[in-house]
Amino acid sequence: MKIICTDVLVIGGGLAGLRVATGVKERGHGAIVLSLVPPKRSHSAAAQGGMQASLANCKMGEGDNEDVHFGDTIRGSDWGADQEVARMFVHCAPKAIRELAAWGVPWSRVKKGDHDSIINAKKVTITEKDEAHGLITARDFGGTKKWRTCYTSDGTGHSMLYAMDNKAKQDEVEVHERLEAISLIHENGRCYGAIARNLMNGELVAYIAKATTIATGGYGRIYSVSTNAIICQGIGQAIALETGVATLGNMEAIQFHPTAIVPVGILTTEGCRGDGGLLLDKDGYRFMPDYEPDKKELASRDVVSRRMTEHMRKGKGVKSRYGDHLWLDITLLGRKHIEKNLREVKEICENFLGIDPAVDWIPVRPTQHYSMGGIRTKYTGESQTLKGLYSCGEAACWDMHGFNRLGGNSVSETVVAGMLVAEYISDFCDKQESSVDVQSSTVEKFLKIQADKIEKLLSHENGEDAYVLRRAMEEIMMNKVGIFRNGDDLQDAVNELEELYKRSKNIEVFRSKSRAANPALENAYRTQKMLKVALTCAVGALNRTESRGAHSREDYPKRDDANWLKRTITSWRDEADTLPTVSYEEIKIDNMELPPGFRGYGKDLTQHHPQTKIRQSMVDVITDKLEKDGATRFEIQNALMPYLDKLPEKYRGINERLGENV
Amino acid sequence: MSEKKNRILKISILRFDPHDPEDFPHMETFEVKEADGMTLFVALNEIREHHDNSLKFDFVCRAGICGSCSMLVNGKPTLACRTLTSKLGENISLAPLPLFELIGDLSIYTGKWMRGLNERLETWIHNKEEELDIDKLEQRMEPELADKIYEVDRCVECGCCVAGCGTIQMRPDFAGAVGLNKIARYHIDPRDKRTDEEYYELIGDEDGVFGCMTLLGCEDVCPKDLPLQSKIAYLRRMMIKTSMNN
């Protein structure tokens, strides 16, 4: 048995995982990153549009600050987010972006003087201030009051990930590539590391660590069409679930991005609409202003995706052999802008559609894009129920996104959560209680379970074909747990997925029997895990009889704060179970800085909680009084919902902005 | 395109499993019915799912962004995921990129090679100044310069330029266009405080910029259309200047 010991094991080599690894290294702890692929190939690279941070440098970002970013994030979440966590996030986002700037990200910069822009289909001239020249600029994104999304042309994720990985190399972070964690090692409510399989030679390795961090991204690939990279299969969530101890949060909260190309589902960035692109129907008609006269194409993602689906249901979609779609028109932005700021989009259009987006409209439709749900953690990133297990980034339900994430808040979360969780993990590792007291016989037991499972898959006869089960699961998720949901379909989905899950215990790996690199074997064990993840999502959606953010029930169109202001918590108590166990975690109103209100889209159907009014009047009284006393915005915020004491001391400082706190 | 409808593609793949002592490198041909808008990503997955589930290849983003799926398509290094079959003939040959360690079939270990290169050239910002205060306004940069850095920062480490390089066939430690482009990137970045002399130590020899025979296969095959030719020429001028000054 091969055992490798370290202080901090990080599973996943994307932005979040690498940021945790460099953070704990700086605090003097050892770290090993396990990655399915070379870290620079992680899905973080695919984030085209940008990173939200309230720098307020550009003209259209003037007046922006943490408070505005916080309000946008909470409204965007449809009040599902943890407000303290969201506060910690917005406070640290400017710090994270400035750190990345120093590490080499070539953020696009403000140029003083006039430049043209397209806003609401009209050309406007914007004049940038002299004193902002050379600072990091930002573009418009959906659901934000200010232009806050910082970017590098349209390769933001790529340049962030490269800078981050280069920094990790500088810090000599050890990365074990093509290693897949397939099980966590745990005993008595304490996590001790993971069993990993080498995808090149098939070797099973036990990694023992004081702290184990899952940063494996989302689970989009449980759907048949997703913008996610093919490695985003939810295996990180699954191994946490399989402990029977760790819990997952809000797994039903799935975001659909409005503009993925048809049929392959590759993303075209929200920057297309942020920079002035329009959505058109089969008649070339711009329909979004009819539905959302205020924000139009730049309403929150969940809203735009639903409006597009509604419009197609009215017969306004463009017919194609792959089903209906709509058009994204960016021709009005001009070739120069497209070739500089939307080059990735141009390449995608040329290579996958054979069209020129400076001349042609792009066929798009809403497609699975982001997992708001994930491993439920405390604000420190530690699992609420399994000590020593941490998670951050898309893999986690930390919970700053609630039921809908704003564009530009995901890559921002990866680096902010990464830098914070690295500190909390380091604090833990500094303490005596973190010392590893697991017996090697326990480690052997966990390794043997995995070795036996693989042996069984390879030697089994007359079993099921994993590909058949997996494709069936993907279709069920797409058709019955999609943008619009209803009780009948969801019940069918749960029944059918449960049946698939039972059948998955009988999977046989046909023909391809190698114990080394073997894509058929990998597909087999991943399918078993993905089915569990799919069930947590479908069961959560079936139970939640309300509509909140991206979770939209046709049979329960109201947001129901009175009964559903709570997080869905799922666990898999016993390996013999065929359905997850569900419980709920209340989202308390009485300490909210921003009590539940109307998001501002469509009609207000909210069923309010009785506590909301009480809290709102308290917030109003405190705010009024402090404003009269001449208190600063920081003092007012602190009186409503103190959070600074939760942050690591080194990140508590006030952020400088042009004209503020300089 | 209508005359091409319903083609049966004959995809020949160079196969070898180094972990199987009985296996040897051989070509294997699969027949796949072409579909509208089919890419090699779609075709290879279809082969794996319906013909041979042991077929090994590397895709991650499948959108031409991550650089995982570089292989020889009809002998030329390129990204398979964004290669439309409609742009190819009925007979397609696929082989793993040469020079990189083979994992099996079309799957190669580019990560190890690129890691070695990045560590050797220290492809990160070198800044010895006092500790960064991230509460303060960021350092300013001219907008045009930021764009210029991004232009060369777009490399995806796919390895196509390495596979298309003549020099590296003779000099296995040659940094290749991927390495030289990175040095060009850091050299124009004012945040990196390395001196020309320090860069000279990294690439001022035959395994660096003076090894290049100017065949420029790299520029022909780069899927990101990076200006590799002009960057190599620029570095060569700079390095000669540096060596003359010393």
Side-chain angles (χ1 to χ4, degrees), chain A residues 37-38 40-41 43 45-46 95 98-99 101-104 106-111 133-136 152-153 155 158-159 162 166-167 169-170 177-178 200-201 229-231 263-264 266-267 321 340 344 347-348 351-352 354 467 510-512 514 516-520 653-658 662, chain B residues 17 19-20 36-37 39 42 48-49 52-56 58-68 82-84 86 103-104 107 109-112 114-115 118-119 122-125 127 132 134-147 149-150 153-154 156-157 186 189 191-192:
Chain A
V37 295
K40 281 177 176 157
R41 312 224 188 282
H43 187 50
K95 302 181 200 302
R98 286 167 176 165
E99 185 175 74
W103 291 347
W107 297 109
S108 294
R109 303 287 169 144
V110 178
K111 190 177 170 60
H133 184 77
L135 295 174
I136 296 171
T152 50
S153 299
H158 166 88
S159 57
Y162 269 54
N166 292 334
K167 172 71 181 156
K169 288 194 171 83
Q170 180 185 6
E177 274 174 30
R178 294 191 189 250
M200 293 181 286
N201 63 20
I230 56 168
I231 54 172
V264 287
I266 294 171
L267 179 73
R321 57 181 292 190
K340 177 169 172 282
E344 205 83 65
E347 280 186 17
I348 286 166
N351 292 317
F352 295 93
Y467 279 114
F510 297 99
R511 297 179 301 274
S512 179
S514 172
N518 182 349
I654 291 174
N655 298 311
E656 246 184 45
R657 280 184 192 79
L658 282 178
V662 179
Chain B
D17 182 353
H19 288 283
D20 179 355
D36 217 27
T39 59
V42 176
R48 184 190 272 176
E49 202 166 324
D52 187 338
N53 59 359
S54 69
L55 183 64
K56 291 172 263 302
D58 298 317
F59 288 100
V60 179
C61 76
R62 62 80 177 85
I65 293 167
C66 76
S68 299
R82 63 177 211 186
T83 302
L84 290 163
S86 61
I103 293 170
S107 173
Y109 200 175
T110 50
K112 186 176 168 187
M114 293 296 169
R115 171 167 293 275
N118 279 293
E119 286 171 356
E122 302 189 3
T123 56
W124 51 81
I125 298 282
N127 188 349
L132 173 74
I134 52 176
D135 294 343
K136 296 234 154 54
L137 287 188
E138 62 276 13
Q139 239 185 19
R140 289 168 199 265
M141 181 182 276
E142 282 303 311
E144 292 79 11
L145 178 59
D147 294 345
I149 296 171
Y150 176 65
D153 198 45
R154 292 183 304 115
V156 295
E157 298 189 0
Y186 285 96
D189 193 327
R191 295 168 293 195
D192 195 319

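Letters A, B, ... mirror the listed sequences (proteins, then strands); counts begin at 1.
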What part of [X] lies closer than 4.5 angstrom to a heavy atom of chain B: side chain, backbone, both or neither?
X        : result
A:Thr152 : both
A:Ile348 : side chain
A:Ile654 : backbone
A:Glu347 : side chain

Specify which of [options] makes the most heavy-atom pairs with chain A at under 4.5 Å.
options                                : result
B:Asp20, B:Asp147, B:Asp189, B:Ile149  : B:Asp147
B:Glu142, B:Glu119, B:Glu122, B:Lys112 : B:Glu142
B:Val156, B:Thr39, B:Asp192, B:Thr83   : B:Val156
B:Gly104, B:Ser107, B:Ser68, B:Ala146  : B:Ser68

Which of the residues [options] is involved in the greatest number of heavy-atom pairs with chain B at under 4.5 angstrom?
options                                : answer
A:Trp107, A:Phe510, A:Tyr162           : A:Tyr162
A:Pro38, A:Ala516, A:Ala101, A:Pro106  : A:Pro106
A:Lys111, A:Gln170, A:Glu177, A:Glu344 : A:Gln170
A:His43, A:Arg178, A:Arg511            : A:Arg178
A:Ala102, A:Ala229, A:Gly104           : A:Gly104

Check each atom of [X] against the heavy atoms of chain A and say whether the ones under 4.5 Å are side chain, backbone, both or neither.
X        : answer
B:Asp58  : side chain
B:Arg62  : both
B:Glu49  : both
B:Leu55  : backbone
B:Asp153 : both

Atom [atom1] of [X] and atom [atom2] of [Y]: how far apart are they, to the nearest 0.5 Å?
X        : Y        : atom1 : atom2 : answer
A:Lys40  : B:Arg115 : NZ    : CZ    : 8.5 Å
B:His19  : A:Asn201 : NE2   : CG    : 5.5 Å
A:Asn655 : B:Ile134 : CG    : CD1   : 8.5 Å
A:Ser512 : B:Arg48  : OG    : CZ    : 9.0 Å

Considering all heavy atoms, the nearest [X]-[Y] contact:
X        : Y        : result
B:Met141 : A:Arg109 : O-CG, 3.5 Å
B:Asn118 : A:Lys169 : CB-CD, 3.7 Å
A:Lys95  : B:Asp135 : NZ-OD1, 2.7 Å
B:Leu84  : A:Phe352 : CD2-O, 4.3 Å

Going through the checks in order, is the side-chain hydrogen bond (donor to acceptor under 3.5 Å, both in side chains) test met by B:Arg154 and A:Ser153?
CA-CA 11 Å; B:Arg154 292 183 304 115; A:Ser153 299; over 6 Å; no

Looking at B:Glu157 and A:Arg41, is there a salt bridge between them, counting it only when a charged N and a carboxylate O are closer than 4.0 Å?
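Salt bridge flag = no for B:Glu157 with A:Arg41.
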
Can you name the one residue among B:Gln139, B:Arg140, B:Glu138 that meets side chain to side chain contact (heavy atoms under 4.5 Å, CB included) with A:Ile136?
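Going through B:Gln139, B:Arg140, B:Glu138 one by one, the side chain to side chain contact (heavy atoms under 4.5 Å, CB included) with A:Ile136 is satisfied by B:Glu138 alone.
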
